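Remember, predicted model here, so these are calculated numbers, not experimental data.
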Amino acid sequence: MSPKVVLITGCSSGIGKDLAARLSQNEYTVVATARNLATVTNLPAALKLSLDVTDNQSIATAVHEVIERFGRIDVLINNAGYAVRSTVEEVPETQIHQMFDVNVFGVIRMVRAVVPFMRKAGSGQIINISSVAGKMVIPISGPYCASKFALEALSDALRLELAAFGISVVIVEPGNIRTNFMKTVQANSEKIIANPETPYGDLYKNYHLFNDKSRLKEPGPEAVSAIIQKALETSKPKVRYRAAVPLMNRLLSCLNDRLKDRVVKSAFKIKSLG
Ligand SMILES: NC(=O)c1ccc[n+]([C@@H]2O[C@H](COP(=O)([O-])OP(=O)(O)OC[C@H]3O[C@@H](n4cnc5c(N)ncnc54)[C@H](OP(=O)(O)O)[C@@H]3O)[C@@H](O)[C@H]2O)c1
């Protein structure tokens, strides 16, 4: 059988870039896409295309090019995504819209563009890069968690809806991974968090302490790429793969809501009034 044609979004850095390189080295036909083509010049992929997941025209052009060149897309990996961090009350609405446009609507647009070709082929696989934040909420991350919870729900629906067409859906939930992710978080959130008038000053300070500590031992993107390759090469992939999720998070997700709140409140030094 000829090598699988794998289209990946967000290959300019981090997980997408590492995954594109890994799969190319393992004889997949990789279509590495990025908003800015210059960011993928050195990637060893079969085809590099410009693709912005918020732009239907850019998606249609890229998908058309892949079909023209290879005749099919076997695997779609929805990796593009980012986070804005601050309290629910303080994140500007436009920033939430923009983040959902990438993390949620971007995936919907990609699915709508690619699934018709998979359906015609009678086979295909979609891998959605969610997050541990798609399963568990901490303060300062509400809107980002909401976007990944939405992605989890969409993935669960897609898995059921597409099964009859031979298309499988896999969710990958990474923990903290060393990529450009935090740089983007800082760029997007710095102004909100640094506002001297914020009523959440203490919470932001404790968030920084918590974040610095929890990100100390984060692995590189290869921890996620390796798991994605495993999912691609297993005859019966799991519905969900956790990637580099610390034991503490795994245990926390088993607790009931009140207990979970107590642990998180203690980590963020939140004292309830009354
Ligand atoms: N790193 C972590 O700790 C972590 C943990 C859990 C889940 N994740 C998830 O993993 C995925 C990859 O993130 P990463 O850690 O590899 O971070 P990253 O290095 O910042 O990569 C994010 C990628 O998304 C792309 N992107 C953003 N907006 C886009 C758009 N409109 N169209 C196309 N691409 C766009 C970025 O492209 P530009 O360079 O053009 O901005 C970049 O290639 C994301 O979905 C993220 O939510 C990351």
Side-chain angles (χ1 to χ4, degrees), residues 10 12-15 35 52-55 78-109 128-154 173-216 218 245-246 248-249 252-253 255-274:
S12 71
S13 64
I15 296 168
R35 286 197 285 191
D52 182 334
V53 299
T54 65
D55 177 352
N78 288 308
N79 164 70
Y82 71 94
V84 177
R85 292 243 166 105
S86 84
T87 55
V88 175
E89 185 185 350
E90 293 199 306
V91 189
E93 212 177 305
T94 48
Q95 286 199 22
I96 303 182
H97 275 290
Q98 284 161 1
M99 187 178 59
F100 268 72
D101 208 19
V102 175
N103 296 5
V104 181
F105 291 98
V107 173
I108 296 173
R109 290 187 194 99
N128 290 335
I129 310 304
S130 175
S131 169
V132 67
K135 282 288 179 200
M136 214 199 119
V137 180
I138 55 169
I140 323 292
S141 287
Y144 175 63
C145 291
S147 75
K148 292 297 189 184
F149 269 64
L151 178 59
E152 296 267 339
L154 288 170
E173 297 163 344
N176 291 342
I177 306 292
R178 199 178 56 254
T179 63
N180 276 349
F181 185 81
M182 280 312 290
K183 227 200 256 169
T184 310
V185 167
Q186 268 148 17
N188 286 324
S189 315
E190 211 165 22
K191 237 166 85 191
I192 321 167
I193 290 183
N195 174 10
E197 306 295 322
T198 177
Y200 296 104
D202 285 344
L203 187 57
Y204 287 143
K205 199 175 78 202
N206 293 329
Y207 155 73
H208 278 304
L209 294 174
F210 172 85
N211 203 45
D212 291 350
K213 211 165 120 195
S214 65
R215 288 207 163 252
L216 267 180
E218 59 193 15
V245 177
M248 182 61 177
N249 290 63
L252 264 180
S253 60
L255 299 179
N256 73 40
D257 292 335
R258 285 289 175 208
L259 261 179
K260 217 185 299 174
D261 274 7
R262 267 167 67 179
V263 176
V264 176
K265 278 162 118 179
S266 141
F268 283 80
K269 303 185 173 59
I270 297 169
K271 287 199 183 80
S272 300
L273 197 63

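Judged purely by atom type and a 3.5 angstrom limit, Asn176 has no side-chain atom pairing as donor or acceptor with the backbone of Glu218. Although no hydrogens or angles enter the test, the distance criterion places no donor-acceptor pair under 3.5 Å between the side chain of Asn180 and the main chain of Lys183. The backbone N or O of Phe268 sits nowhere less than 3.5 Å from a side-chain atom of Tyr207 that would complete a donor-acceptor pair. Although no hydrogens or angles enter the test, the distance criterion places a donor-acceptor pair under 3.5 Å between the side chain of Asn256 and the main chain of Arg258.
Inter-residue side-chain proximity for Met182 and Asn211 is flagged as met; some heavy-atom pair is nearer than 4.5 Å. By the 4.5 Å heavy-atom criterion applied to side chains, Ile140 and Tyr200 are not counted as neighbours. Looking at Ile193 and His208, their side chains come closer than 4.5 Å, going by heavy atoms from C-beta outward. Taking the side chain as every heavy atom from C-beta outward, Tyr204 and Thr87 approach each other to under 4.5 Å. The closest side-chain heavy-atom distance from Ser131 to Lys148 is below 4.5 Å. Residues Met136 and Val264 form a side-chain contact, since some pair of their non-hydrogen atoms from C-beta on lies under 4.5 Å apart. Taking 4.5 Å as the limit, every side-chain heavy atom of Phe181 sits out of range of all side-chain heavy atoms of Ile15. No side-chain heavy atom of Ser12 sits under 4.5 Å from any side-chain heavy atom of Arg35.
Heavy atoms only, all atoms of each residue included: Pro174 and Ile129 are closest at CG-CG2, 4.0 Å. Nearest heavy-atom pair, Val88 versus Gly142, reported as atom, atom and distance to 0.1 Å: CG2-CA, 4.3 Å. Closest non-hydrogen pair, Ile192 versus Val91, comes out as CD1-CA, 4.4 Å. Between Val107 and Asn103, the shortest heavy-atom distance links the atoms CG2-O, 3.5 Å. Closest non-hydrogen pair, Phe100 versus Pro143, comes out as CE1-O, 3.6 Å. Contact detail for Ser147 and Val104: the closest heavy-atom pair is O-CG2, 3.4 Å.
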Derivation of the side-chain contact (heavy atoms from CB on, under 4.5 Å) call for Tyr144 and Val185: CA-CA 10 Å; Tyr144 175 63; Val185 167; over 6 Å; no
Stepwise side-chain contact (heavy atoms from CB on, under 4.5 Å) check, Ile96 with Val84: CA-CA 8 Å; Ile96 303 182; Val84 177; over 6 Å; no
Residue pair Val263, Met248: steps toward the side-chain contact (heavy atoms from CB on, under 4.5 Å) verdict: CA-CA 10 Å; Val263 176; Met248 182 61 177; 3.8 Å; yes
side-chain contact (heavy atoms from CB on, under 4.5 Å) evaluation trace for Lys205 with Lys269: CA-CA 10 Å; Lys205 199 175 78 202; Lys269 303 185 173 59; over 6 Å; no
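Between Asn249 atom CG and Glu173 atom CD the span is 11.0 Å, to the nearest 0.5 Å. Note that the CG atom of Leu255 and the OG atom of Ser253 stand 8.0 Å from one another [nearest 0.5 Å]. The distance from atom SG of Cys145 to atom CD of Glu152, rounded to the nearest 0.5 Å, is 11.0 Å. Once rounded to the nearest 0.5 Å, the distance linking NZ of Lys265 with CG of Asn206 reads 14.0 Å. We find the CG-CG distance between Leu151 and Asn78 to be 7.5 Å, quoted to the nearest 0.5 Å. For the atom pair CD (Glu90) and OG1 (Thr198), the distance works out to 3.5 Å, reported to the nearest 0.5 Å.
A salt bridge links Arg109 and Asp101; the closest N-O separation between the charged side-chain nitrogens and carboxylate oxygens is under 4.0 Å.
Taking a 6.0 Å sphere around CZ of Arg215, one finds it holds more than 12 heavy atoms contributed by other residues, nucleotides or ligands. Annotation: Phe105, atom CZ; neighbour count of heavy atoms from other residues, nucleotides and ligands within 6.0 Å does not exceed 12.
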